[in-house]
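Report on one structure; see the data block that follows.
A quick note: this is a predicted structure, and the numbers were derived from the prediction, not measured.
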Amino acid sequence: MQPKEEIEQLRQQIAYHSDLYYNQDNPVLSDTQYDQLYKRLQELEKQYPQFASAASPTQQVGGTASRAFSAVVHKVPMMSLDNSYSEDDIREWHERAAKLLGRDTFEMVVEGKIDGVSCSLTYENGRLIQAASRGDGKTGEDITANVLTIKNIPHQLTNAPQGLLEIRGEVYLDKNDLAALNAEQEKSGNNIFANTRNAAAGSLRQKDSQLTAQRPLKFFAHSFGLGEIAAESFSAFIDTCRAWDFRSARYVPKLP
């Protein structure tokens with residue numbers, strides 16, 4: 001197969017599976033299988049730049065905003081994370097980071113990957129006023145009514161900065177909760193969720209927030225977008241999130 005033909009075929013395959021994953025919450029490929037297709041396309045586009053296209057899935061973020069919910073334009077784009085598959089990938093990332101910082105030695109933080117749905121929480125003077133999905137990174141869905149039913153999301157932040165503040169993270173289910181939910185789904189004759197992300201996405205896209213409230217959803221804070229937080233490091237930011245009662249990365253003491 002010629003490079004151009006393979007590139008076009010991969011773009012069609014990835015677009016199809018992205019739609020199943022992000023928009024229909026019904027993936028048929030594992031994350032590893034999808035990542036292999038995506039990485040192969042990235043390699044070919046890098047090797048043959050003459051076939052580059054702004055419409056390529058490698059130039060897009062996530063899915064699209066559903067028409068079932070009002071659109072929310074992200075004031076700060078919600079980008080996706082890059083994947084790594086080998087030690088060489090990590091070394092290349094470290095080299096890029098060192099070049100950007102202008103030094104070879106710097107503190108790094110490692111945290112667990114939560115397989116959930118990206119969510120943005122906007123607070124005004126400490127009060128939660130809006131929740132949105134990532135969508136395509138620029139425009140998401142207004143899922144405020146559903147997110148307000150998630151028990152571990154604080155509706156008011158103590159000693160929060162004045163003005164707008166956007167906390168970002170993942171909405172997810174624990175594996176045990178997914179197993180219990182699927183048992184109920186099967187008992188009721190409903191579809192079984194393939195994974196925790198699939199279950200979280202389907203729960204957040206319920207038109208009736210009372211149905212969302214019945215799902216054991218949780219929120220994990222990992223970053224912020226709009227606003228200013230008085231934190232000198234990522235660890236300090238996590239400490240601030242914990243002070244606001246967000247679930248976030250476990251605290252790991254620095255090595256001597």
Side-chain angles (χ1 to χ4, degrees), residues 1-69 71-74 76-100 112-120 132-141 143 168 170-172 178 191-202 204-205 222-223 225:
M1 183 181 297
Q2 295 298 313
K4 184 177 181 179
E5 294 177 355
E6 185 177 1
I7 287 172
E8 289 302 322
Q9 186 179 85
L10 284 168
R11 285 172 178 169
Q12 292 176 13
Q13 286 181 294
I14 292 170
Y16 171 73
H17 289 292
S18 291
D19 180 61
L20 289 178
Y21 184 90
Y22 290 107
N23 302 325
Q24 300 185 42
D25 307 319
N26 187 33
V28 295
L29 291 182
S30 68
D31 287 351
T32 300
Q33 290 172 320
Y34 178 89
D35 288 345
Q36 288 173 343
L37 291 177
Y38 194 90
K39 185 180 181 183
R40 175 58 178 167
L41 177 58
Q42 284 182 314
E43 292 172 345
L44 287 172
E45 289 180 337
K46 184 177 180 180
Q47 187 176 356
Y48 301 99
Q50 65 269 33
F51 302 134
S53 171
S56 173
T58 61
Q59 305 304 309
Q60 311 299 317
V61 176
T64 58
S66 169
R67 294 181 180 179
F69 298 89
V72 174
V73 177
H74 299 300
V76 177
M78 292 186 71
M79 308 308 291
S80 60
L81 298 175
D82 286 337
N83 293 319
S84 61
Y85 303 89
S86 66
E87 291 183 7
D88 288 340
D89 288 343
I90 300 298
R91 291 192 183 95
E92 290 175 5
W93 169 83
H94 187 275
E95 290 174 0
R96 293 196 302 271
K99 185 177 181 180
L100 180 65
K113 172 68 169 67
I114 298 295
D115 188 19
V117 180
S118 296
C119 181
S120 160
S133 65
R134 182 174 65 184
D136 64 3
K138 296 179 180 179
T139 304
E141 304 155 343
I143 52 175
R168 294 177 172 179
E170 297 282 313
V171 173
Y172 69 101
L178 174 63
N191 292 334
I192 300 298
F193 294 108
N195 51 52
T196 55
R197 187 220 167 267
N198 180 218
L204 280 180
R205 283 178 166 164
H222 58 54
S223 59

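Remark: side-chain polar atoms of His74 are not paired, donor with acceptor, to backbone N or O of Gly137 under 3.5 angstrom. Listed for the Thr196 side chain is a donor-acceptor partner under 3.5 Å among the backbone atoms of Asp115.
Annotation: side chain to side chain donor-acceptor pair (under 3.5 Å) contacts of Gln36 (sequence neighbours excluded): none. Judged as a side-chain contact (heavy atoms from CB on, under 4.5 Å), and not counting sequence neighbours, the contacts of Asp89 are Lys39, Ser84, Tyr85, Ser86, Glu92. Evaluation of the side chain to side chain donor-acceptor pair (under 3.5 Å) rule for Glu6 yields Arg40 as partners, not counting sequence neighbours. Every side chain to side chain donor-acceptor pair (under 3.5 Å) that Glu170 has, sequence neighbours left out, goes to Ser118. Here Arg168 pairs with Glu166 under the salt bridge (Lys or Arg N to Asp or Glu O under 4.0 Å) rule; sequence neighbours left out. Partners of Arg91 under the side chain to side chain donor-acceptor pair (under 3.5 Å) rule, at least two apart in sequence or in another chain, are Glu87, Asp88.
The CG atom of Leu10 sits 9.0 Å away from the CD atom of Glu45 when rounded to the nearest 0.5 Å.
You'll find the side chain of Ser53 reaches within 4.5 Å of the side chain of Arg11, heavy atoms only. Contact of the Arg197 side chain with the Val117 side chain is registered, since non-hydrogen atoms from C-beta on lie closer than 4.5 Å.
Within a 6.0 Å radius of CD in Gln50, more than 12 heavy atoms belonging to other residues, nucleotides or ligands are found.
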